[in-house]
Every structure is written in structure tokens, then in C-alpha cells.
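Right, one structure below, let's go through it.
In this text the structure is predicted, and so the values were computed from the model without any measurement.
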Amino acid sequence: MSETLFIQSLKEGNKEAFRILVNDLKDKVFNTSVSMLQNMEDAEDITQEVFIEVFNSVKNFKGDAKLSTWIYRITVTKCLEHQRKKSRKKRFGFMQSLFGESDKPSRDIPHFYHPGVQLENKERASILYLAIDQLPERQRTAFILNKTEDLSYAEIAEVMEISLSSVESLLVRAKQNLQEHLKEYYTKNEK
């Protein structure tokens with residue numbers, strides 16, 4: 001079935017088409033989410049939210065991009081919203097502790113997990129993902145889409161709705177920033 005006919009089936013509410021869509025893309029959505037959020041439970045929640053959003057809004061899909069690109073865009077947006085919401089909660093928890101409304105600050109330090117990381121590389125991957133998490137939002141998004149999801153620069157440009165040269169620039173700056181963040185770790189630990 002062509003993508004156009006498949007999208008039409010989705011727009012008509014065909015449950016079998018939606019089931020096929022979920023089966024085909026659930027791993028990609030989950031992997032993108034876990035790479036961005038570094039928390040398996042949050043990634044599972046976001047994955048469900050993404051497909052609920054797709055189900056509810058596929059009727060409005062214009063077809064300007066590929067269906068998978070549109071779903072990546074929804075995934076990235078949901079992950080960024082989740083991170084911002086969590087960041088606000090942390091700041092509020094910290095403010096409560098400063099003013100004595102709570103005995104200790106509200107800290108949510110996630111246990112590192114990514115399905116593609118083998119046990120022996122877990123510590124190094126954890127350090128890398130902590131450095132990735134320190135990147136500015138747009139650099140982090142472009143880097144994760146390119147390195148963990150293996151999207152091309154053109155696909156990233158579509159997902160992020162930016163130009164190809166902007167993607168290139170974001171990735172160059174992300175790599176420079178990561179090198180700077182990781183320089184001390186590798187100087188001490190990789191002899």
C-alpha cells in the first residue's frame with residue numbers, strides 16, 4: 001500500500017492501519033524518547049503520548065513531510081515539553097527547600113538506561129549522555145536525531161523545521177561542546 005493510501009486509511013480511522021503504524025514506529029519513537037530523556041519510564045509514557053497525539057490529530061496531517069518525519073517531530077516536541085516541565089518542577093522543589101517549606105530539595109536523578117548500550121559500556125555511555133544533556137536544546141535534539149536515530153541531515157531539517165545549513169551548524173557546535181565537556185573525563189580516565 002502506498003503511503004498516500006495508508007495515510008488516508010489512518011485519516012478514516014482504520015484501526016488496522018493504526019496498529020500497523022504503531023508496530024512499525026513504536027521502537028523508533030521509544031528509542032528517540034529514551035535518548036532524549038534518559039529515563040525508560042518517561043520514554044514509555046512519551047511513546048504512548050505520541051501515538052495518542054497521532055491518533056487524535058492524523059486528520060490534520062497535511063502531507064508536507066513524510067508521515068515518519070511528522071511523528072519524529074511530535075516525539076521531539078513531547079520530549080522537550082517533558083524536559084521543560086521537569087525542569088520547572090526541580091526549580092520549584094529547590095525554591096521550596098531554600099525557604100524551608102520542605103526538608104530537602106526535590107531531586108530526580110534518573111537511572112541511566114538505553115537499550116542499545118551494553119553493560120560494559122554503561123559507565124562511558126552514562127558520561128556521554130550526561131554531556132549530551134548539557135548541550136543547548138536544539139544542538140541536543142539535532143545530535144540525538146543524527147547519532148542515535150541515524151537520521152540524515154535532510155531528515156533532521158524536516159523534523160526540526162530548519163534549514164540544512166542550520167542542521168550542519170548545530171551538529172558542528174554540538175560536537176565541539178561535547179569535546180569540551182568530555183575533555184576532562186577522557187584526560188583522567190582514558191590513558
Exercise. If you take all heavy atoms of Arg140 and Asp133, which pair is closest and at what distance?
Worked result: NH1-O, 3.5 Å
Problem set entry | Value rounded to 0.5 Å, distance of OH in Tyr72 from NZ in Lys28 | 5.0 Å
For this session: Please identify each residue that fulfils salt bridge (Lys or Arg N to Asp or Glu O under 4.0 Å) with Arg73, with sequence neighbours left out.
Result: Glu161
Problem set entry | Glu149-Asn31 side chain donor-acceptor pair, cut-off 3.5 Å | no
Problem set entry | Donor + acceptor pair across side chains of Ser35, Thr32 (<3.5 Å) | no
Exercise. Should we say atom NZ of Lys11 is surrounded by more than 12 heavy atoms from elsewhere, each under 6.0 Å from it?
Worked result: yes
Problem set entry | Closest non-hydrogen atom pair, Ala65 against Glu158 | CB-OE1, 3.2 Å
For this session: Taking Ser163 for its side chain and Ser166 for its backbone only, find out whether a donor-acceptor pair lies under 3.5 Å.
Result: yes
Problem set entry | Rounded distance (nearest 0.5 Å) linking atom CD of Glu3 with atom NZ of Lys66 | 7.0 Å
For this session: Could you check if a side-chain atom of Leu135 sits within less than 4.5 angstrom of a side-chain atom of Asn177, using non-hydrogen atoms only?
Result: yes
Problem set entry | Heavy-atom closest contact (Asp150 atom, Glu155 atom, distance) | O-OE1, 4.5 Å
Problem set entry | Criterion side-chain contact (heavy atoms from CB on, under 4.5 Å) on Phe18 and Val54, from CA distance to verdict | CA-CA 9 Å; Phe18 188 71; Val54 168; 4.2 Å; yes
Problem set entry | Donor-acceptor pair, side chain of Asp42 and main chain of Leu37, under 3.5 angstrom | no
Problem set entry | Hydrophobic cluster identity match, Val159 and Leu164, side-chain contacts under 4.5 Å | yes
For this session: Kindly give the heavy-atom pair with the smallest separation between Leu170 and Ala142, and that separation in Å.
Result: CB-CB, 4.1 Å
Exercise. Short question: side chain of Ser169, backbone of Ser165 - any donor-acceptor pair under 3.5 Å?
Worked result: no
For this session: Just do the side-chain contact (heavy atoms from CB on, under 4.5 Å) check on Ile162 and Val167 with the steps written out, would you?
Result: CA-CA 7 Å; Ile162 58 177; Val167 171; 3.7 Å; yes
Exercise. Just wondering, do Tyr129 and Thr148 contact through their side chains at under 4.5 Å, heavy atoms?
Worked result: yes
Exercise. Of all heavy-atom pairs between Met36 and Gln83, which one has the smallest distance, and what is that distance?
Worked result: O-NE2, 2.7 Å
For this session: In plain terms, say whether Arg19 and Glu16 are close enough for a salt bridge, that is, a side-chain N and a carboxylate O under 4.0 Å apart.
Result: yes
Seminar exercise, completed: Between Lys175 and Phe143, the two heavy atoms sitting closest are CG-CE1, 4.3 Å
Problem set entry | Minimum side-chain heavy-atom gap Phe30-Ile46 below 4.5 Å | no
Exercise. Which value, rounded to the nearest 0.5 Å, describes the distance between Ile132 atom CD1 and Lys147 atom NZ?
Worked result: 10.5 Å
Exercise. Thinking salt bridges, do Glu137 and Arg84 make one under a 4.0 Å N-O criterion?
Worked result: yes
For this session: With sequence neighbours left out, write down each residue that passes salt bridge (Lys or Arg N to Asp or Glu O under 4.0 Å) with Glu53, or none if nothing qualifies.
Result: Lys78
For this session: Show your reasoning for whether side-chain contact (heavy atoms from CB on, under 4.5 Å) applies to Trp70 and Asp64.
Result: CA-CA 9 Å; Trp70 180 65; Asp64 298 340; over 6 Å; no
For this session: Calculate, to the nearest 0.5 Å, the distance between atoms CD1 and CG belonging to Ile20 and Leu10 respectively.
Result: 9.0 Å
Exercise. Does a side chain donor of either Gln48 or Glu44 reach within less than 3.5 Å of an acceptor in the other side chain?
Worked result: no
For this session: Evaluate whether atom CZ of Phe6 has more than 12 neighbouring non-hydrogen atoms of other residues, nucleotides or ligands under 6.0 angstrom away.
Result: yes
Exercise. Hey, are Ser2 and Thr4 close enough side-chain-wise for a donor-acceptor pair under 3.5 Å?
Worked result: no
For this session: Kindly compute the distance separating OG (Ser68) from CG (Leu21), expressed to the nearest 0.5 Å.
Result: 9.5 Å
For this session: Supply the atom-to-atom distance Glu49 CD to Thr75 OG1, rounded to the nearest 0.5 angstrom.
Result: 10.5 Å
